[in-house]
Amino acid sequence: MADLNGIFDSAVRNSIFQNKEIIQSNYIPEAIPHRDKQIEQIASIMAPVLRGEKCSNLFIYGKTGTGKTLSIQHISTELKKKAKEIGADVRIEYINCKLKKVADTEYRILAALIELLGEQVAETGLPTVQVYNKFLNLIDTKKQIVVIIFDEIDQVVQKIGTDFIYSLIRLNSELSKAQISLIGISNDVTFLDDIDPRVKSSLSEEEIVFPPYNALQLQDILNTRTKMAFKKESIEKGVIEKCAAFAAREHGDARRALDLLRVAGELAEREGKTKVDLSYIDKANQKIERDKILDIVETGTRQFQLILHSIVQLTKRVEKEKVKNKEIDRFYTGDVYNLYQEVCKETRTEPLTQRRVSDIISELDMLGLIRFDVISKGRHGRTREIALVISGNLIDKVEKILKDSLGVD
DNA sequence: AGGTATTCACATGAAACTATTCTCTGAGTTAGG
DNA sequence: TAACTCAGAGAATAGTTTCATGTGAATACCTGT
């Protein structure tokens with residue numbers, strides 16, 4: 001019999017957290033430290049809407065976890081408040097293009113926008129033009145300024161091209177009463193480089209960059225949040241510094257730093273400790289990685305899993321060879337495809353074409369499960385040299401999940 | 001020896017196809033008056 | 001006669017196939033010494 005009582009007791013005692021919400025990733029703090037300059041800039045760019053004028057289109061860059069979304073949300077709530085106060089007709093709508101269900105096609109973005117404006121549209125089945133017109137009519141009902149914020153706009157453009165943005169920009173000429181301003185947020189700094197110059201110039205009438213936080217700033221952010229989120233004295237010296245250093249190394253991602261701290265706290269709590277010490281940061285880091293990978297592996301499609309399985313098997317094979325005659329040999333796309341075909345036969349699955357497998361390998365790379373380099377072996381052609389990123393005991397776990405799910409041995 | 005041309009084994013791109021999901025429409029059916 | 005049902009048409013999407021083109025360097029092939 002497990003000691004449930006003990007578990008429950010320690011949960012009730014809740015020895016570490018004071019207010020956990022505060023370090024959860026969806027928490028919106030009232031103060032955003034080290035971003036005053038950017039916030040001021042954005043605010044002054046957007047301010048004209050209060051006078052009923054269209055504000056310049058704005059483009060915001062910055063890596064993940066640099067406070068872009070937070071800042072813009074903060075500003076828009078303040079702006080809305082002010083607008084209400086003085087009775088200006090302003091609508092500010094925020095759309096996150098990354099959330100898959102919300103918007104990753106032109107159609108869905110329009111649908112999401114319409115929904116934000118308080119109307120319904122069918123999820124699919126209508127011609128895009130119709131949805132477009134509906135959106136137009138909805139906005140043009142009265143004289144107003146509409147500001148649309150596209151978070152992670154690079155995702156959309158990558159998927160559906162720049163035409164969409166272009167037509168949104170051009171929309172203004174079709175509107176008789178209302179006016180639209182666009183705000184694009186991207187974490188890909190090179191995003192603007194290779195898009196249609198017409199779109200580029202009109203989208204980025206103004207540009208603001210959010211630089212990554214450095215370790216000191218991260219420490220500061222962590223400190224303020226920690227004071228509210230954790231009980232006094234529950235964080236050992238050096239923990240925050242280490243957390244900040246970790247995150248600073250990963251391009252100054254504050255969200256990541258906070259996650260790290262929270263998970264560390266949770267781990268410590270689960271073990272019934274009253275203090276978070278340095279070792280928990282490492283453990284938390286591992287756990288976050290681990291959970292992410294396991295989640296991807298479990299939820300991947302069957303074909304995905306088949307290919308990953310092939311790669312795992314090849315990796316093991318290569319490891320073995322290495323031990324035997326210390327030939328450091330790598331494996332390539334062709335190897336993966338051959339083994340994959342065998343596995344397909346074994347599991348009675350229709351194999352995909354090499355073309356598709358090649359794409360899936362790229363996707364696995366993007367997800368961070370594998371890594372490859374495109375190399376040329378001269379006379380023996382050009383291919384990708386593939387290696388699994390997953391290490392140690394996690395491999396076994398992944399292998400097991402794959403085997404269970406695929407029904408192979 | 002040194003320079004060029006080939007050639008391999010895929011990478012990378014674009015377009016077209018397929019299965020599925022969803023709406024809308026209008027004909028046919030039903031139930032109630 | 002109004003309300004309901006249900007099949008078919010049309011649209012969008014994700015996942016894939018088909019066809020086409022690109023590519024870096026080891027190797028084969030020359031060339032002149």
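A note on names: the letters A, B, ... follow the listed sequences, proteins ahead of strands, and every chain is numbered from 1. Owing to the predicted nature of the structure, the values given are computational and were not obtained by experimental measurement.
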Atom-pair distance (CD on A:Q354; C1' on B:dT12), nearest Å: 13 Å
Proximal nucleotide (of C:dG24, C:dT27, C:dT16) relative to the A:R356 side chain: C:dT16
A:D373 CG - C:dG24 P separation (whole Å): 15 Å
Side-chain donor-acceptor contact under 3.5 Å, A:Q313 with A:E399: yes
Nearest-neighbour nucleotide for the A:Q303 side chain, C:dT17, C:dT16, C:dT27 considered: C:dT16
Residue whose closest nucleotide on DNA chain B lies nearer the 5' end, A:G378 versus A:S362: A:G378
Stepwise side-chain contact (heavy atoms from CB on, under 4.5 Å) check, A:I208 with A:I45: CA-CA 10 Å; A:I208 288 182; A:I45 289 167; 3.9 Å; yes
Integer-rounded Å distance: B:dA11 P and A:H380 NE2: 17 Å
Between P of C:dT27 and CZ of A:R382, the distance in whole Å: 17 Å
Side-chain donor-acceptor contact under 3.5 Å, A:R384 with A:S358: yes
Presence of A:T383 side-chain N/O under 4.0 Å of B:dA9 phosphate oxygens OP1/OP2: no
Which residue lies more 5' along DNA chain B, comparing A:K377 with A:R384 via nearest heavy atoms: A:K377
Integer-rounded Å distance: B:dA9 P and A:E385 CD: 17 Å
Of the listed nucleotides B:dA11, C:dT17, C:dA26, the one nearest the side chain of A:R379: C:dA26
Distance in angstrom units between A:L352 CG and C:dT18 P, rounded: 11 Å
Pair A:Y340, A:Q303: side-chain N/O donor-acceptor within cut-off below 3.5 Å: yes
Minimum-distance nucleotide to A:R355 side chain [options: C:dA25, B:dA11, B:dG13]: B:dG13
